[in-house]
Amino acid sequence: EKIKIGITQNNVGVDSYQTTYEKAFKAAAAADPNVDVVVLDAGGDVARQIAQIQDLTQQKVQAIIIWPTNGKAVVPAVRKAHEAGIPVVITNSNIAKEGMPYIAAFSGPNNIEQGKEAADMMCKALNNKGDIVQIAGKPGYTTAIEREKGFEDELAKACPEVKIMDTQPGDWNREKSQRVMEDFLVKYPKIDGVYAADDNMGVGALNAAKAAGRAKDIKFIGATNFAVGYEAMAKGEYYGSVYQSPVDDAENALKTAIDVVEGKKVPKMNYFKTPEITQENMKQFTKPVF
Amino acid sequence: MSHSVLKSPLGWLAGNPIWGFIALIFIFFSFANPYFFALQNFQNILVQTSTIGVIALGMTLVMINGNIDLSVGAVVALAASLCVDIQGWSLFADWGNWAILPGVVAALLAGTALGALNGLIVWKTGVDAFIVTLGAMLGVRGLVFVYTKEQSFFAMNFSFSDFGSSSIGPIPTLAALFLICTAIVHFVLSRTVHGRNTYAVGGNRSAAVNAGIRVGPHMMINFMIVGFLAALAGVTLSSQMGAATPNLGTNYELWVITSVVLGGTKLKGGAGTITGTLGGVLAIGILRNGMNLMQVPAFYVLVILGSILIAVLLLDKQLNRKGKEELRL
Amino acid sequence: MAHSGLKSFAGLMARQGILVAFVLFLIAFSVFSDRFLSAENIFSVVRSSAIIGVMALGVTVVVIGGNLDLSVGSMLSFSTVLVVDLHDKIGPGPAIVVTVLATLCLGAINGLLVGVARLNSLIVTLGMLSAIQGLTLIYSGGKNVDIVHQDTTWFKIFGRGYIADIPVPIVIFAICAIVLHVVMAYTPFGRRIYATGGNPTAAVFSGIRRSRVVFATYLISALTVAIAAIVLGSRVMGSQNNVGQGYELQVLAGVILGGTSLLGGSGTIWKSVIGVLILGFIQNGLLLLGFEYYVQWLVTWVVIILAVWLDIAAKRGRLLSPIA
Amino acid sequence: MSASHIPQPDTPALRLEGIVKTFPGVRALDDVGFDVRAGEVHALLGENGAGKSTLMKVLAGMYEPDEGSIYIEGEAVTMRSPLEAKARGVVLIHQELSLAEEMSVAENIYLGELPRKSLGRVDWKTLHSNAQAILDRLKCGFDSKRQVGTLSIANQQMVEIARALTVEAKVVVFDEPTASLTDAEKVVLFDIINDLKARGAGIVYISHRMDEIFTLADRISVLRDGGYRGTLIKSETNEDEVIQLMIGRALDLTRRRAAAKTGKVALQVEGLSCGKLFEDVSFELREGEVLGFYGLVGAGRTEIAETLFGLRKPSAGRILIDGTEVEISSPADAIKKGISLVPESRKEQGLVLGMNCRDNITLPQVGDLTKGPFVSDGAEIAIFDRYYEALKIKTPSWRQAVGNLSGGNQQKIVIGKWLAMNPRILIVDEPTRGIDVGSKSEIHDLIRTLAGEGYAVIVISSEMPEVMHVSDRIVAMFHGRIMRSFTTEEVTEDNLVAAISGIETDKVA
Ligand SMILES: Nc1ncnc2c1ncn2[C@@H]1O[C@H](COP(=O)(O)OP(=O)(O)OP(=O)(O)O)[C@@H](O)[C@H]1O
Ligand SMILES: Nc1ncnc2c1ncn2[C@@H]1O[C@H](COP(=O)(O)OP(=O)(O)OP(=O)(O)O)[C@@H](O)[C@H]1O
Ligand SMILES: [Mg+2]
Ligand SMILES: [Mg+2]
């Protein structure tokens with residue numbers, strides 16, 4: 001008898017990370033002869049995700065993995081799945097703390113922690129002093145909110161003399177971020193650093209600064225290291241990022257879910273490592289495939 | 001829509017091809033997937049379509065009027081946020097389950113008020129509804145973000161989300177609510193003076209004006225109805241989720257309009273029925289549910305939905321051709 | 001005196017309301033931000049408006065012809081992914097050719113369905129929006145695409161180059177606007193588009209081949225998308241599958257601000273340019289003034305309604321609509 | 001306004017005083033005033049664009065006058081909306097049809113005042129019985145539950161008229177009600193008008209047809225160029241005097257036209273059918289000849305014209321131009337083969353209302369009026385000017401949107417547009433619908449002149465005097481078939497009526 005596990009993902013195709021995650025997830029499932037998976041995608045829509053959780057319950061899967069489109073909004077749905085006797089594993093970005101009693105485990109990176117790491121890098125890059133701007137993710141999404149919060153809190157604590165002059169959303173979109181940065185460059189004659197909530201947007205900001213001839217004066221720090229970010233780092237144009245492998249993320253989630261179904265003991269918060277990556281230590285990491 | 005002329009079943013189907021299409025996909029999914037044909041799945045489909053469905057009822061009125069409302073998705077988000085946030089205010093802390101009430105009332109009032117605002121602008125300025133509500137679609141979403149400060153809300157009181165998943169006998173409460181709304185709006189549209197005037201205003205606005213129908217207030221009422229129903233959808237959606245996010249309802253306007261048009265309502269106005277709209281809503285709901293159950297990859301779902309939309313339109317055109325003698329325009 | 005001054009102002013509003021609004025708007029913002037009217041900023045705004053602007057030109061043509069095109073956003077995603085992906089595979093020249101052809105094919109599908117099969121354009125292009133989005137994802141497998149040697153390819157001129165100190169995207173935008181303006185205002189073809197949009201039946205009775213005209217408008221719209229995609233791809237040197245998501249509405253907002261009627265048969269290309277620039281400057285101006293980004297949506301709401309209202313109020317000679 | 005107001009027995013039902021209404025660039029009404037007594041039919045006459053419809057729209061609350069006052073039964077009133085006008089007992093039957101096509105006949109008749117039951121429900125029973133009663137009074141042969149869009153234009157016009165009978169109207173305005181009615185329906189309409197009159201309503205009757213006016217009216221008021229020119233009493237005047245007042249000169253309507261010199265056969269139609277619309281239609285048309293098509297509305301004449309113009313695909317039969325068989329696949333194709341069609345419905349088929357006058361006139365040939373790749377402004381304006389003068393089109397300039405012209409002037413634009421194509425074969429479908437007497441006789445002259453120049457012309461008309469006046473031969477149609485064809489010598493009113501009613505047949509068409 002095979003174990004049947006369902007997953008509803010956030011928004012496949014919106015960026016390479018999620019696409020690679022899905023591929024890795026399917027590959028990992030195919031490699032295990034004992035599991036059968038139902039792979040769904042919420043397309044970024046909370047309501048659709050909740051419908052999918054209902055559909056998965058309807059199909060009587062043995063565990064549901066959820067990549068929340070929104071950490072708060074899925075809590076009641078998670079509770080219901082929990083009450084229906086189906087264990088829930090949250091992947092990639094965590095749900096709000098009110099939902100914690102209803103989940104079997106969380107598997108993924110720590111986005112708040114990532115924001116902190118980025119803040120620490122920023123302090124170091126600027127020698128604890130300077131004026132920076134922030135390009136956030138798509139408004140209203142948990143990952144965006146958590147990274148922003150982690151970054152801002154840590155920055156205020158670690159190096160209060162680094163000031164965030166402005167924050168605007170880049171919607172996880174390189175072109176949008178490029179436009180935002182162009183406006184920043186006009187508005188602020190002096191920008192010492194840019195924090196972007198992912199490398200895709202970070203490189204967009206870098207593009208804009210290069211076009212304005214100001215890239216040399218600015219430190220760029222991103223998150224979720226993308227191939228473009230890795231390359232820019234190799235060229236010395238990009239200061240650093242946070243390394244996060246979607247393959248680790250996916251495999252970790254599947255393994256956690258299997259363990260839960262098989263009744264093994266799993267830690268509730270099952271973080272995988274997301275180390276800092278900078279120009280100095282990048283040799284230790286393979287170039288991301290996405 | 002001559003209500004008196006009896007049509008043969010086949011003639012009826014030609015006028016409402018969407019129900020034929022529903023039968024087709026229903027049979028297809030029943031055979032193609034073991035989980036499809038199950039009472040609980042039908043309940044799921046009804047609950048899942050109820051959100052889009054409730055809005056589509058109001059949208060049918062507005063579209064028969066010859067107008068359109070693109071702001072409904074944003075109104076859903078605003079209503080959901082208000083509803084979930086307000087019931088958590090400390091002011092109502094000792095109201096128990098009654099604390100939900102002020103949230104719901106505020107949400108419905110806000111939706112109706114925004115509908116009234118849209119209607120008033122369309123009426124007084126004479127600017128096309130598409131433009132007015134395109135603006136409102138951006139603006140109301142802005143309001144949502146101003147109000148929520150980008151935060152999601154989540155209902156501490158689980159009886160709110162329990163309501164969302166409760167049932168009345170075999171019928172889920174939300175589905176029942178949707179069906180009741182459908183019956184009411186159907187009654188209004190087909191039996192009441194306001195409903196018949198809705199056709200008149202959409203069919204020939206200047207004729208309606210000349211006949212002394214107060215077209216402005218009339219259109220405003222329909223905008224208020226769709227605003228109210230969009231807010232209601234926001235409330236039910238948030239009770240399904242027990243939460244609200246500022247991004248809720250994105251693109252709903254597109255799905256709502258799509259279902260209404262699939263149901264045979266003319267974009268130009270003057271023609272359309274609630275039964276047709278119900279068909280359009282169900283068709284999309286069944287398709288989505290069926291494809292989910294069959295695990296059609298997300299990328300292909302987009303292509304399939306898009307193609308089906310166009311295919312139904314083509315089918316409708318074929319069925320309603322007047323024959324070879326038609327003018328070649 | 002004051003009265004006649006007021007009258008002539010009303011007359012000016014009636015004819016060029018949008019232009020007047022635009023100038024007033026620029027003045028208002030420049031009072032609050034000294035950087036607003038700097039050459040640097042103006043270039044920056046126009047350059048970043050160029051992509052939406054070029055598409056707005058094509059959509060204006062479609063709307064004048066009496067139809068809508070909501071598929072331009074996802075078509076932009078498709079074309080950008082295609083041109084960027086092919087750039088490294090077959091070289092920039094062939095990539096551009098293939099992309100233009102492929103985009104024209106998508107436009108042709110729109111054109112066939114709306115022009116020849118006479119299906120409703122709102123729904124057809126809505127369906128295409130979804131289908132093309134899926135197509136893009138299937139093509140790319142959901143991954144971002146990037147150009148590897150960004151600094152050495154000549155492809156970079158479209159988005160990053162300058163001609164006589166003017167950014168190339170602006171030059172491309174201007175050329176497209178002039179060409180389409182001339183086509184619409186001074187050629188028989190343009191006249192036929194206006195006639196078809198104004199009254200399709202009368203157009204057919206006048207010997208105009210309506211199907212061809214509508215078909216052609218969608219080809220034009222697709223062509224502008226392809227041009228926008230090349231600029232975008234070159235500007236970003238990479239693409240995401242959803243890069244154009246939601247652009248259709250911004251494009252449409254620009255077209256509407258320019259006073260083009262959604263009923264078809266009326267509108268002007270150069271006014272759409274102004275419409276798009278207004279949106280660009282709102283976004284930029286509010287950012288310079290330090291507002292939250294969502295305030296920009298609220299302002300856009302008010303501006304769209306006010307601008308269109310004033311436009312039609314001036315035309316009908318009274319502020320409020322006569323509807324009871 | 002005063003509460004103590006007591007209606008005087010001899011106060012007019014309606015009095016208009018010093019009405020002024022201007023549109024941008026046009027003074028449509030300039031100090032117009034006259035009165036209409038209760039129980040009188042008051043005809044309102046004037047050239048196209050004289051301001052008749054505008055005046056009536058002011059009366060019905062659709063336009064706000066710049067100056068002037070309106071008195072109903074001696075009481076000064078302001079009409080701010082159609083609703084208010086209706087409440088004061090003023091009913092206007094529009095020149096242009098104004099119906100909701102998807103709705104039933106009954107709902108259209110009672111539009112805006114559907115009978116109610118509890119819960120805001122429509123009282124269908126009352127609605128249909130009342131509506132049916134009105135339809136019966138109008139001798140309409142269709143059911144009140146019928147969808148309006150499925151009715152013929154003539155029957156739709158009857159629905160429009162039926163609306164006037166729903167209220168006890170004090171003033172009823174008919175704006176060219178007979179433009180698309182058949183003779184039989186006209187008789188019914190006149191009965192109704194006389195009935196209304198007997199009940200004490202004041203009637204304003206606008207028409208361009210002298211015979212109707214002289215049958216119906218008690219008094220006749222004339223407008224010219226937006227100004228009031230005087231009121232004549234029917235019994236004390238005659239057509240010549242009225243026309244003199246209306247157009248400022250005399251008009252010879254009895255003039256006999258020169259006999260046609262016909263040339264070779266330009267168009268030959270053999271056994272043409274299009275489904276059930278018309279069947280087995282054969283005729284030939286020579287150069288220099290005017291062929292009239294007469295028949296009841298719905299007889300299928302328009303459909304024949306549309307088929308010849310490439311708008312319908314024939315199901316059988318052949319069309320020959322200059323002796324060679326042709327297939328006409330589209331209007332563009334027809335135009336290439338030298339055919340022009342002045343269509344039946346100017347608003348739907350003839351004009352792009354939002355476009356200016358010049359662009360409308362040159363639309364079919366804009367592709368040829370080029371200098372290099374661009375449209376030549378000069379060539380276009382030259383064409384506009386030619387027809388502006390030839391047809392005496394009344395417009396402030398060529399820049400005016402066609403939609404702002406009066407009905408008759410719109411029709412002239414359509415005619416000009418097709419004359420400008422210099423066609424070999426010219427088909428005109430109801431060419432003078434809504435055209436004033438002066439222009440009408442000019443258009444008739446024009447048709448004759450064109451024939452004299454060697455054009456082959458088909459005139460479709462529902463007006464017997466018109467067909468008889470301009471045609472060399474007349475084809476009578478009934479139910480999609482040609483019943484008989486007449487030469488000018490043979491034709492009389494009686495045998496023509498007999499033929500189009502299907503009584504008299506003659507297969508040798
Ligand atoms: N909305 C409008 N805008 C501008 N001009 C108008 C408008 N309506 C009417 N006119 C002008 O007012 C004048 C009077 O028009 P009106 O329709 O009253 O003529 P009419 O006497 O009814 O003519 P017809 O016999 O052709 O129906 C015309 O010159 C017309 O062009
Ligand atoms: N009694 C009827 N019922 C339904 N449709 C009708 C009826 N009479 C006419 N029609 C249709 O209405 C349209 C316009 O009608 P209209 O009265 O002008 O007839 P027509 O065929 O043009 O007449 P004619 O050939 O005599 O000019 C035509 O398409 C005709 O087929
Ligand atoms: Mg008139
Ligand atoms: Mg006819």
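A note on names: the letters A, B, ... follow the listed sequences, proteins ahead of strands, and every chain is numbered from 1. Please read all numbers here as calculations on a predicted model, not as lab measurements.
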Where is the tightest heavy-atom contact between [X] and [Y], given as atom of each residue plus distance?
| X | Y | answer |
| --- | --- | --- |
| B:Leu267 | C:Ile123 | CD1-CG1, 4.3 Å |
| B:Lys149 | C:Tyr294 | CA-OH, 4.4 Å |
| B:Leu302 | C:Ser130 | O-OG, 2.7 Å |
| C:Ser321 | B:Trp123 | OG-O, 3.1 Å |
| C:Ala117 | B:Leu314 | CB-CD2, 4.2 Å |
| B:Lys317 | C:Arg118 | NZ-O, 2.8 Å |

[X] versus chain B, the contacting section by heavy-atom distance below 4.5 Å:
| X | value |
| --- | --- |
| C:Leu262 | side chain |
| C:Leu113 | side chain |
| C:Ile256 | side chain |
| C:Ile312 | side chain |

Is [X] close to chain C through its backbone or its side chain, or both, or neither, when contacts mean heavy atoms under 4.5 Å?
| X | answer |
| --- | --- |
| B:Leu313 | both |
| B:Ile304 | neither |
| B:Val146 | both |
| B:Leu134 | side chain |
| B:Val140 | both |

Output all residues satisfying side chain to side chain donor-acceptor pair (under 3.5 Å) with B:Ser259, sequence neighbours left out; order by chain, then residue number.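 Side chain to side chain donor-acceptor pair (under 3.5 Å) check on B:Ser259 returns nothing, list empty.
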Can you name the residues that form a side chain to side chain donor-acceptor pair (under 3.5 Å) with C:Arg212, not counting sequence neighbours?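 Applying side chain to side chain donor-acceptor pair (under 3.5 Å) to C:Arg212 gives none.
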As a quick check of understanding, evaluate side-chain contact (heavy atoms from CB on, under 4.5 Å) for C:Leu68 and B:Phe130, giving each step before the final call. CA-CA 12 Å; C:Leu68 279 176; B:Phe130 194 97; 4.2 Å; yes
Are C:Met128 and B:Ile310 close enough, and set up right, to give a side-chain contact (heavy atoms from CB on, under 4.5 Å), and what steps lead you there? CA-CA 8 Å; C:Met128 287 293 280; B:Ile310 294 168; 4.1 Å; yes
Just checking heavy atoms, which of residues 278-288 of chain C are less than 4.5 Å from chain B?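 So no residue qualifies.
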Highest number of heavy-atom pairs under 4.5 Å with chain C: which of B:Val127, B:Val303, B:Thr125, B:Leu309?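 Highest number of pairs under 4.5 Å: B:Thr125.
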For the [atom1] atom of [X] and the [atom2] atom of [Y], what is their distance to the nearest 0.5 Å?
| X | Y | atom1 | atom2 | value |
| --- | --- | --- | --- | --- |
| C:Leu319 | B:Lys124 | CG | NZ | 11.0 Å |
| C:Leu126 | B:Glu253 | CG | CD | 9.5 Å |
| B:Leu305 | C:Leu129 | CG | CG | 12.0 Å |
| C:Trp297 | B:Leu138 | CH2 | CG | 8.0 Å |
| C:Glu292 | B:Phe145 | CD | CZ | 11.0 Å |
| C:Trp309 | B:Ile131 | CH2 | CD1 | 14.5 Å |

With B:Trp255 via ring-ring contact (aromatic ring centres under 6.0 Å, His included) - residues at least two apart: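 Partners of B:Trp255 by the ring-ring contact (aromatic ring centres under 6.0 Å, His included) criterion come out as none, since no residue qualifies.
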Under 4.5 Å, counting heavy-atom pairs only, tell me which of C:Val204, C:Val299, C:Leu137 racks up the most with chain B.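 Result: the option with the highest number of such pairs is C:Leu137.
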In this structure, which one of B:Ile257, B:Thr258, B:Val261, B:Leu254 forms a side chain to side chain contact (heavy atoms under 4.5 Å, CB included) with C:Leu122?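 Testing each of B:Ile257, B:Thr258, B:Val261, B:Leu254 against C:Leu122, the sole residue satisfying side chain to side chain contact (heavy atoms under 4.5 Å, CB included) is B:Ile257.
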